[in-house]
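Working notes, structure below.
Excluded from the calculations below are hydrogen atoms, water molecules and symmetry mates; all remaining heavy atoms, backbone and side chain alike, are included. Here is the naming used below: chain letters follow the sequence lines, and residue numbers restart at 1 for every chain.
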Amino acid sequence: MENMLAPAAHRAGDTVRPQAGPPVLQLRNIEKVYQTKTIETVALHQVNLTIGKGEFVSIMGPSGCGKSTLLSIMGLLDEPTSGEIELDGRPVQSYSDRELAALRNHKIGFVFQSYHLINDLSVLDNVELPLLYRPGVSGRERRERAYAALEKVGLGARTNHFPGQLSGGQRQRVAIARALAGRPELILADEPTGNLDSVMGEEIMDLLLHLNRQEGTTIVMVTHDEQQALKTQRLIRFFDGSQVS
Amino acid sequence: MIRHLFTLIWNRKRANFLLVTEIFFAFVVLFVLGSLLVDNYRKYTAPLGYTYEHVWQIDLDPNGQPISRQDATFERLIQLLKAVSGVRSVAATRSNTPFSFSDSSTDFKAGSKSTNSDIYIVGDDMQDVLSLQLAEGRWFNRHDEVAAHPPLVISQEARQALFAKGPALGKTVRGLDNQDFQVVGVLATSYRGRGEFQELEPAIFLRSAKLVGSADTTSFDQPRLLIRVQPTATAELEQRLTKEIAAVTGGWKSTVITLPEQRTIRMKFALAPMGGMVLVCGFLIFNVALGLFGVLWYNISQRRAEIGLRRAIGATGSRISGQFLGEILVVTTFGLAFGLLVAAQFPLLGVMNIRLPVYLASMALATALVYVLTAICALYPSLLAARIRPAVALREE
Ligand SMILES: Nc1ncnc2c1ncn2[C@@H]1O[C@H](COP(=O)(O)OP(=O)(O)OP(=O)(O)O)[C@@H](O)[C@H]1O
Ligand SMILES: [Mg+2]
């Protein structure tokens with residue numbers, strides 16, 4: 001089976017694309033092939049994509065068309081089978097595990113459908129986590145930045161709770177605060193509202209929109225929700241096995 | 001990062017409780033065993049106080065000869081044996097010869113001090129037979145026969161117990177039946193007749209070539225001799241001795257065993273229980289290690305998503321394995337803290353009659369061993385954790 005995906009430019013709302021800054025991330029001719037014993041799955045085929053600074057891009061497409069795979073590759077969590085990635089204008093192919101980890105830590109924030117909070121750590125400890133992997137950040141600074149991030153997502157009063165004591169929407173907000181604590185240039189969100197009901201989903205969407213508009217955070221979001229996608233500046237559609245405009 | 005590890009472990013204390021308990025028990029077992037082994041090692045490496053190579057022990061059986069004639073026969077026998085070529089020296093002794101399973105002890109008093117001491121009743125040649133080294137004074141000789149007080153030679157431990165740092169030579173010591181003895185010599189070291197695994201206890205030598213004390217007809221002691229032979233002596237000498245003994249005593253039976261042989265027997269008795277314990281504890285520790293390994297492996301498989309997440313937010317692979325290794329070392333530290341608390345009670349309550357330095361040494365030893373053990377058990381699972389591919393781990397849920 002071959003899954004083809006094709007970027008389709010789409011403008012939501014404004015006819016004029018807002019001032020997209022210099023490219024934060026550039027993908028060129030990305031191929032991703034999963035090889036198992038019996039089958040070969042082409043998850044990404046010839047993907048060319050540029051994410052500009054300050055953009056809010058949404059990605060839609062049917063299940064299994066390679067959206068998560070694309071996000072993993074954008075987030076330097078997985079290597080493409082072929083193709084080139086540039087982050088801030090610099091190719092990342094030759095980077096070591098260590099350098100990639102540092103890049104992820106400094107430049108990228110992840111938000112996942114299933115939150116991926118560590119249940120045995122308090123909300124505050126969870127949010128501090130990215131800073132723990134950043135050399136030279138003092139314990140006090142970690143604390144302060146984690147508090148600030150939690151304030152931003154409206155959870156300043158829940159810092160000592162544990163994830164198990166929070167609602168799904170609150171958990172996702174903690175996850176967003178965690179992504180923000182490292183002050184990344186780029187937030188990659190894989191179905192951030194996928195596990196939430198529409199009201200809570202709306203909350204999260206508003207938060208992301210706010211971050212993008214007020215703070216200028218670049219966001220790439222995978223979603224199944226057409227309404228949400230339309231609120232973003234650019235919508236890219238992936239389709240199973242065929243390319244659409 | 002260390003604080004982060006402690007927080008993580010603390011928040012998971014319920015899940016980590018079993019691990020902590022397991023490590024606690026492993027430590028206590030290793031500590032108790034270690035104390036015994038270290039203590040025995042200390043004894044083993046302490047001076048024995050004599051040499052046993054080329055020393056033979058001859059057990060005699062008067063074979064029904066009347067007690068009244070035994071002493072004279074015994075005297076004659078000693079003189080004869082001294083003349084046999086290949087024999088260097090001969091000394092009478094009671095049955096508590098080196099490495100034998102017989103011992104006798106009695107109370108001695110000097111001024112306000114007193115001690116219970118092993119007592120060895122031996123002939124004048126015993127110094128040569130056992131190569132006893134003296135630090136002060138002299139060994140027994142035949143002039144002691146007419147001394148006002150029977151002479152004593154005492155070991156360093158006996159000296160310490162009776163005179164501490166004060167002078168010992170010439171001092172009077174009160175012993176058996178309120179009899180007074182006089183110290184004529186002090187050994188250079190301890191004397192440990194029961195072998196290498198005997199505690200360093202006081203030992204006191206009394207002079208007597210006689211088989212039985214003049215009034216002592218109740219003694220069940222079999223006559224016994226220790227002889228030092230030339231290093232070239234062979235089994236041929238042994239046969240010759242047996243024949244000569246039979247001839248000169250008019251039918252006494254004799255058996256010869258060398259002290260190295262006797263030592264081997266004694267050693268087996270001492271080492272067998274130790275070996276058994278080491279085996280049992282080794283098995284126990286092996287099980288603990290297997291359990292630890294299993295739990296760690298399971299833990300990591302349970303925490304794949306967490307590993308993926310940590311990688312995503314900037315942890316390198318080696319950071320991940322470092323974290324898992326660190327976690328188990330923190331858990332180990334908790335287990336050891338409890339263990340050390342319990343171990344500290346041993347010297348405080350005097351549980352095992354072992355000295356403090358030995359306890360401290362085995363605490364250090366057991367602590368190091370447990371750390372090494374857990375680190376080894378954690379190493380492979382931790383490396384596996386580092387190899388988990390974040391993109392794969394994050395899509396599992
Ligand atoms: N580790 C893997 N090994 C083999 N095949 C894989 C692996 N990961 C993903 N795939 C395959 O790659 C394709 C793309 O998967 P991906 O998870 O990116 O899809 P998706 O668009 O995110 O789907 P969904 O909307 O359901 O999340 C699928 O066919 C999937 O089965
Ligand atoms: Mg997906």
At a 4.5 Å cut-off on heavy atoms, which part of A:S96 comes close to chain B: side chain, backbone, both, or neither? neither
Under a plain distance cut-off of 3.5 Å, with no hydrogens placed, do A:T217 and A:N212 share a side-chain donor-acceptor pair? no
Check whether A:T223 reaches the backbone of A:E191 with its side chain - one donor and one acceptor, N or O, closer than 3.5 Å. no
Taking atom types as modelled and ignoring hydrogens, do the side chains of B:E157 and B:S190 form a donor-acceptor contact shorter than 3.5 angstrom? yes
Hydrogens and angles aside, do B:S35 and B:S362 bring a side-chain donor and acceptor to less than 3.5 Å of each other? yes
Does the side chain of B:Q160 pick up a donor-acceptor pair with the side chain of B:Q156 at under 3.5 Å? no
Looking at A:K32 and A:D78, is any side-chain nitrogen of the basic one under 4.0 Å from a carboxylate oxygen of the acidic one? yes
Going by the ring pair (Phe, Tyr, Trp, His ring centres under 6.0 Å) test, which pairs reach into residues 60-89 of chain A, not counting sequence neighbours? none
As a quick check of understanding, evaluate ring pair (Phe, Tyr, Trp, His ring centres under 6.0 Å) for A:F112 and A:F110, giving each step before the final call. CA-CA 6 Å; A:F112 304 94; A:F110 290 91; 5.8 Å; yes
Does anything in residues 168-187 of chain A reach chain B? List residues with heavy atoms under 4.5 Å apart, or say none. A:R178
If we count only N and O atoms by modelled type, under 3.5 Å, do the side chains of A:Q93 and A:E84 hold a donor and an acceptor together? no
Are side-chain N/O atoms of A:Q113 and A:N195 paired as donor and acceptor at under 3.5 Å? yes
Report which part of B:R389 has an atom under 4.5 Å of a heavy atom belonging to chain A: side chain, backbone, both, or neither. side chain
With only heavy atoms counted, which part of A:D125 is less than 4.5 Å from chain B, the side chain, the backbone, both or neither? side chain
For chain A, the option from B:G317, B:A312, B:S318, B:G308 that forms the most heavy-atom pairs under 4.5 Å: B:A312
Checking heavy atoms, do the side chain of B:R311, its backbone, both or neither come under 4.5 Å from chain A? both
Would you mind writing out the side-chain donor-acceptor pairs for residues 282-301 of chain B within the sub-3.5 Å range, not counting sequence neighbours?
unit_1, atom_1, unit_2, atom_2, d
B:N287, ND2, B:F283, O, 3.1
B:S301, OG, B:Y298, O, 2.7

Sub-4.5 Å heavy-atom contacts with chain B: which residues of residues 126-141 of chain A show up? A:L129, A:P130, A:L132, A:Y133
Looking only at side chains, do A:R158 and A:Q165 share a donor and an acceptor under 3.5 Å apart? no
